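What follows is one structure encoded as structure tokens, with my remarks underneath.
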Amino acid sequence: MNTDRALDEITWFGHASFLIHDKLNNKNIYYLDPFDFKEKPKETADIIFITHAHYDHWSPKDIQKILDDETIVVGVNGCEGMKLPEERFMITEPNREFELKGIKIKTVPAYNIRPERLQFHPKANKWVGYILEVNNVKIYHAGDTDFIPEMKNLGKVNVAMLPMGGTYTMDVDESIQAANAIKAEVTVPMHYRTLL
């Protein structure tokens, strides 16, 4: 699958909420930070990835709308309140690599470094972004973060989803700097217009 084809598989719901559909294999549906669904999505999730525990990323009521009996939820420190069997709820942290349902997953740190934003996403919380490898296409969802040093060492990324709201995350100029450092084939802005 090339990057152009991969883009046909990605749906943005607004804010930092995305769906990736593995249409090539016609089987896997991945949601990232599902939040504020205006109506129930047509497709349930195979895997749900949560970057951090703020309500606009960890939203149990939105997660309930896309769960089925086999959905796996991957969350982080602070994600609580979902009554799921242990084998279907996984807590991760930065700098992990693992495989689920046939895709490779790498976690990347996500945190603030600008003094005026340090309290929003402290590095000590161990919150994350994700690099998902779907059909040899690497898709990076940065989570809520500033332009951090780790972004300069991600390796090859085909699609980068970067926040640019400026209040809780990097602003437009910082997001451009991050995009230039990451050098993805396609950069998708997120986390703007709504809650910033």
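Being a predicted model, the structure only gives us computed values, none of them experimental.
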Step through the shown structure and confirm whether more than 12 heavy atoms of other residues, nucleotides or ligands are within 6.0 Å of CG on D69.
no
Problem set entry | hydrophobic_cluster_shared for M170 and Y140, side chain cutoff 4.5 Å | yes
* Is the backbone of P149 close enough, under 3.5 Å, to the side chain of K152 for a donor and an acceptor to pair up by distance? -> no
OG (S17) and CZ (F37) are apart, to the nearest 0.5 Å, by 4.5 Å
Scanning both residues in full, the closest heavy-atom pair of T169 with P163 reads OG1-CB, 3.5 Å
Value for CH2 (W127) from OG1 (T145), rounded to nearest 0.5 Å, stands at 12.0 Å
Taken in chain and number order and not counting sequence neighbours, the residues that satisfy side chain to side chain donor-acceptor pair (under 3.5 Å) with K38 are D36
Side chain to side chain donor-acceptor pair (under 3.5 Å) filter on T92, not counting sequence neighbours, yields none
Taken to the nearest 0.5 Å, the spacing of I47 CD1 from Y31 OH works out to 13.0 Å
Contacts of W58 meeting ring pair (Phe, Tyr, Trp, His ring centres under 6.0 Å) (sequence neighbours excluded), chain-then-number -> none
Worked verdict on K65 versus D62 for side chain to side chain contact (heavy atoms under 4.5 Å, CB included) = CA-CA 5 Å; K65 295 175 183 177; D62 288 296; 3.8 Å; yes
With sequence neighbours left out, the residues meeting side chain to side chain contact (heavy atoms under 4.5 Å, CB included) with T51 are D33, H57, Y130, H141
With sequence neighbours left out, the residues meeting side chain to side chain donor-acceptor pair (under 3.5 Å) with Y30 are N28
Can you confirm whether E150 sits close enough to Y111 that some side-chain heavy atom of one is under 4.5 Å from a side-chain heavy atom of the other?
yes
Quick one, M161 and I139 - any side-chain contact, counting heavy atoms below 4.5 Å?
yes
Set out, in order, the CA-CA distance, both residues' side-chain angles and the distance that settles side chain to side chain contact (heavy atoms under 4.5 Å, CB included) for I148 and I113, then state yes or no. CA-CA 7 Å; I148 56 175; I113 56 176; 4.2 Å; yes
Applying side chain to side chain contact (heavy atoms under 4.5 Å, CB included) to P85 and not counting sequence neighbours gives E87, R88
>> Working note: E43 + H21, criterion side chain to side chain contact (heavy atoms under 4.5 Å, CB included); need CA distance, chi angles, decisive distance, verdict.
In response: CA-CA 10 Å; E43 299 176 293; H21 186 181; 3.3 Å; yes
Sorted by chain and number, sequence neighbours left out, side chain to side chain contact (heavy atoms under 4.5 Å, CB included) with K61 holds for S59
Minimal heavy-atom distance between A179 and T187, with the atoms involved, is CB-OG1, 3.9 Å
Please tell me whether D144 and H191 have a donor and an acceptor in their side chains that are separated by less than 3.5 angstrom.
yes
>> Once you measure the plane-to-plane angle for Y55 and F35, does it fall in the parallel (<30°), tilted (30-60°) or perpendicular (>60°) bin?
In response: perpendicular
Between the CZ atom in F147 and the CG atom in N180, the distance rounded to the nearest 0.5 Å is 8.5 Å
Identify each donor-acceptor pair in which a side-chain atom of residues 94-104 lies under 3.5 Å from a protein atom, sequence neighbours left out, and give them as a table.
from: R96; atom 1: NH2; to: E93; atom 2: OE2; distance (Å): 2.4
from: K101; atom 1: NZ; to: D46; atom 2: O; distance (Å): 3.4
from: K101; atom 1: NZ; to: E70; atom 2: O; distance (Å): 3.0

Check your understanding: Hey, quick one: are I105 and I72 part of the same hydrophobic cluster, counting side-chain heavy atoms closer than 4.5 Å, chains of contacts allowed?
Key -> yes
*Side chains of Q119 and Y168: do they bring a donor and an acceptor to under 3.5 Å?*
no
Side chain to side chain contact (heavy atoms under 4.5 Å, CB included) filter on Q64, not counting sequence neighbours, yields L67, M82
What one should report as the nearest heavy-atom pair of A110 and G129 is CB-N, 3.8 Å
Is there a donor in the side chain of N112 and an acceptor in the side chain of D146, or the other way round, less than 3.5 Å apart? yes
task = Run the numbers on I10 and L19 for side chain to side chain contact (heavy atoms under 4.5 Å, CB included), then give the verdict.
result = CA-CA 6 Å; I10 298 173; L19 174 152; over 6 Å; no
*asked:* Between F13 and V73, is there shared hydrophobic-cluster membership here, with clusters defined by ILVMFWY side-chain heavy atoms closer than 4.5 Å?
replied: yes
Are the side chains of V128 and V108 in touch, meaning some heavy atoms are under 4.5 Å apart?
no
Scanning both residues in full, the closest heavy-atom pair of P34 with I63 reads CG-CG1, 3.9 Å
**OP:** Would you indicate whether the side-chain heavy atoms of I29 and I20 approach each other to under 4.5 Å?
**Re:** no
Applied to residues 155-180, the salt bridge (charged side-chain N to carboxylate O under 4.0 Å, His left out) test, sequence neighbours excluded, yields R114-E174, R117-E174, K156-E185
Those residues at least two apart in sequence (or on a different chain) that pass side chain to side chain donor-acceptor pair (under 3.5 Å) with N153 are none
Let me check something: do I176 and I182 share a hydrophobic cluster, defined by ILVMFWY side-chain heavy atoms less than 4.5 Å apart, either directly or through other members? no
Smallest heavy-atom separation, A142 atom then M151 atom, equals CB-CE, 4.3 Å
same_hphob_cluster(I91, I48) at 4.5 Å side-chain heavy-atom cutoff = yes
What one should report as the nearest heavy-atom pair of I50 and C79 is CG2-SG, 3.8 Å
